[in-house]
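First the proteins, then the strands, lettered A, B, ... as listed; each starts at 1.
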Amino acid sequence: MEKLKRLRGFQDYIGPQAELLSFIESKARELARRYNLKEIRIPLVERIELYERSSGETSDIVSKQMYAVRRAREEILTPEEIRANAGATREASIRRNNSEENVALRRGDEEESELMVLRPEGTPGVVRAYIEAGLDRTDPEQRWFYCGPMLRYERPQKGRFREFYQFGVEIFGRADAACDAELLIMIDDLRHELGIELDCQLNSLGCPVCRPAYREAVLAFGRKHLEALCEDCHARLERNPLRVLDCKNDYALTERAPKSVDFLCPECKSHLSTVLELLQCAGVKANLNPRIVRGLDYYVRTTFELSAPALGAQNAVAAGGRYDGLVAALGGASVPATGFAIGLERLAMALQAQTEPGHTRPDLAVIALGAAALRRATAVARELRSQGFSVEQASPERTLKAQLKRANRIGARYAVILGDDELARNVALLRDLDKSAQEEVRLDELIDKLKAVFVPN
RNA sequence: GUGAGUGUAGCUCAGUUGGCAGAGCACCGGGUUGUGGCCCCGGUGGUCGAGGGUUCGAGUCCCUUCACUCACCCCA
């Protein structure tokens, strides 16, 4: 039989790795509670139009990173595969897409022509839900967080996966700089609590009033230096000129490019300086960096990125900014909004780069010798668990030696040994595996004895 | 999508000008009639990523392909 392997770019998180992610998620949720953020859970699948209308058709997410789902063909296809429309690739994609989501989709009742996508980011879906619930008109000020997987069709590399978890925050109905600052303070709290060093870069992209002039200036600059720009930048210049700024190839050149800060209207300028001022008051370090542009169309004014230098090429751990026009662009009222998203795996990697992951060990291994002892041991193990102890019952079909070996391997602190001799006298052997010492304990005193041993520390 | 690197036991890796597929760790058993770790002895485990070619003979040379990794792009 051919071994079934996981899909490229997808991960299995086993044991300590999974626990590390859960730990980080629990910290993020506790943070959300302290900032009075309410949870929102939204679908994994949305209509493709949602992303086309919010992220921008020229963004990489929309133009090449989305997993498309089309009910009519019961497939998940990449945009390339849809275009190719070749039988072979279709068969291949059917074979490797028996995911639960996909099975559910087959039973869906969307129109055959409907093209859906697995969410590549959280913000558009959250905004859609916000509008759909009518909150933009009835109760516009909302403070939300979400946590869950996102999917992007990209070439995997260190810190970049096709499925990855994000913890995100979106605040609606607040146009003030204090709200932007609050987001950054929030991220800094989490960073601090986890003991991770992050580098925070901040910029302002201006607003519909002042950005056009800036955009023209960058465009003019690019055209003037067309010769010096790299190939990628030539493409960027026409599609989304601002992105030329975060080109890493021609650093010396883009350094001299026009800076957004110099083009900001008085309102945007004041907004930016207030954000910086409040961050300083709160003791959050952030660098003003005119090169922070962001790939998505919907950002205005404040935009930021937090990176962990230790992670390698994919070092952006969190990013976000203000998106005042998005609610209206998706058919809602004119409500300002601001938010961010954190990549949980990257945060985990940053944390692991600094600290060794701790391994959890069980308290007890219950060892039974013989059928009669097994019956009693099963009851004892359950009782011990109900008292809060972490207990593993070793295989009763193996020798005492092998069971103790198992107990040692899993790092159990004590072994509770129950054989026929002990059973007859209503006792068990309690063996201290660290000290290699053991004593007989009456079964009805076992729990008190163990509590006495474990609780005092 | 582009570029580079790596594929040999469950894991980490040796493998000489082409000549019987190896080590350490892990796992199982024994040394101990019911006592783990350390030690000693033994054992299980491989279509050498896959397919084709050259050759008397290929883990080794050539071609193709797949996978993984890193980087570009982009981003969490």
What interatomic distance, in whole Å, is found between C1' of B:G19 and the corresponding atom of B:U60? 11 Å

Side chains of A:Gln201 and A:Asp199: is there a donor and an acceptor less than 3.5 Å apart? yes

Using the closest heavy atom to pick a nucleotide of RNA chain B for each, name whichever of A:Lys158 or A:Leu418 lands nearer the 5' end. A:Leu418

Any idea how A:Phe340 and A:Phe167 line up, ring-wise: parallel (<30°), tilted (30 to 60°), or perpendicular (>60°)? tilted

Of A:Arg346 and A:Lys5, the one whose closest RNA chain B nucleotide lies more 5': A:Lys5

Interatomic distance, A:Ile367 CD1 vs B:G36 C1' [rounded to whole Å]: 8 Å

Output the rounded distance in Å from CG (A:Leu311) to P (B:C75). 17 Å

Whole-Å gap separating C1' (B:C38) and CG (A:Asp434): 16 Å

Would you indicate, yes or no, if B:C68 has its OP1 or OP2 atom less than 4.0 angstrom from a side-chain nitrogen or oxygen of A:Arg8? yes

Short side-chain N/O contact from A:Gln157 to OP1 or OP2 of B:A71, under 4.0 Å: yes

Counting side-chain heavy atoms from C-beta on, which of B:G36, B:C74, B:G34 comes nearest to A:Gln65? B:C74

Rounded distance in Å - CD (A:Glu305) to C1' (B:C75): 8 Å

Among B:C74, B:U35, B:U2, find the nucleotide with the atom closest to the side chain of A:Asp60. B:C74

Given atom CZ of A:Phe10 and atom P of B:A67, what is their separation to the nearest angstrom? 14 Å

Charged N to carboxylate O below 4.0 Å: is that the case for A:Glu193 and A:Arg34? yes

Just how far, in rounded Å, is C1' of B:U35 from CD of A:Gln403? 11 Å

Would you indicate which nucleotide in B:G36, B:G34, B:C75 comes nearest to any side-chain atom of A:Asn408? B:G36

Nearest-nucleotide pick for A:Phe161, side chain only, options being B:A76, B:C72, B:G36: B:A76

Nucleotide B:A76, atom P - distance to OH of A:Tyr153 in whole Å: 20 Å

A:Leu433 has its side chain closest, among B:A76, B:G34, B:G36, to B:G36

With a 4.0 Å cutoff (strictly under), does any side-chain N or O of A:Arg398 reach OP1 or OP2 of B:C28? yes

Atom-to-atom span, CG of A:Leu404 to P of B:C28 - whole angstrom: 13 Å

I want to verify a distance call: between B:C75, B:G34, B:A71, whose nearest atom is closest to the A:Gln314 side chain? B:C75

From C-beta outward on A:Arg160, which listed nucleotide comes closest to its side chain: B:G36, B:C74, B:C75? B:C74

So, is A:Lys401 near the phosphate of B:U35, with a side-chain N or O under 4.0 Å from OP1 or OP2? no

State plainly whether the residues A:Arg33 and A:Glu30 are in salt-bridge range, i.e. N to O under 4.0 Å. yes

In whole angstrom, give me the gap between the C1' atoms of B:U69 and B:C27. 28 Å

Distance below 4.0 Å between A:Arg409 side-chain N/O and B:C27 OP1 or OP2: yes

Does A:Glu182 pair with A:Arg143 as a salt bridge, N-O distance under 4.0 Å? yes

Are any of the side-chain nitrogens in A:Asp448 or A:Lys451 under 4.0 Å away from the carboxylate oxygens of its partner? no

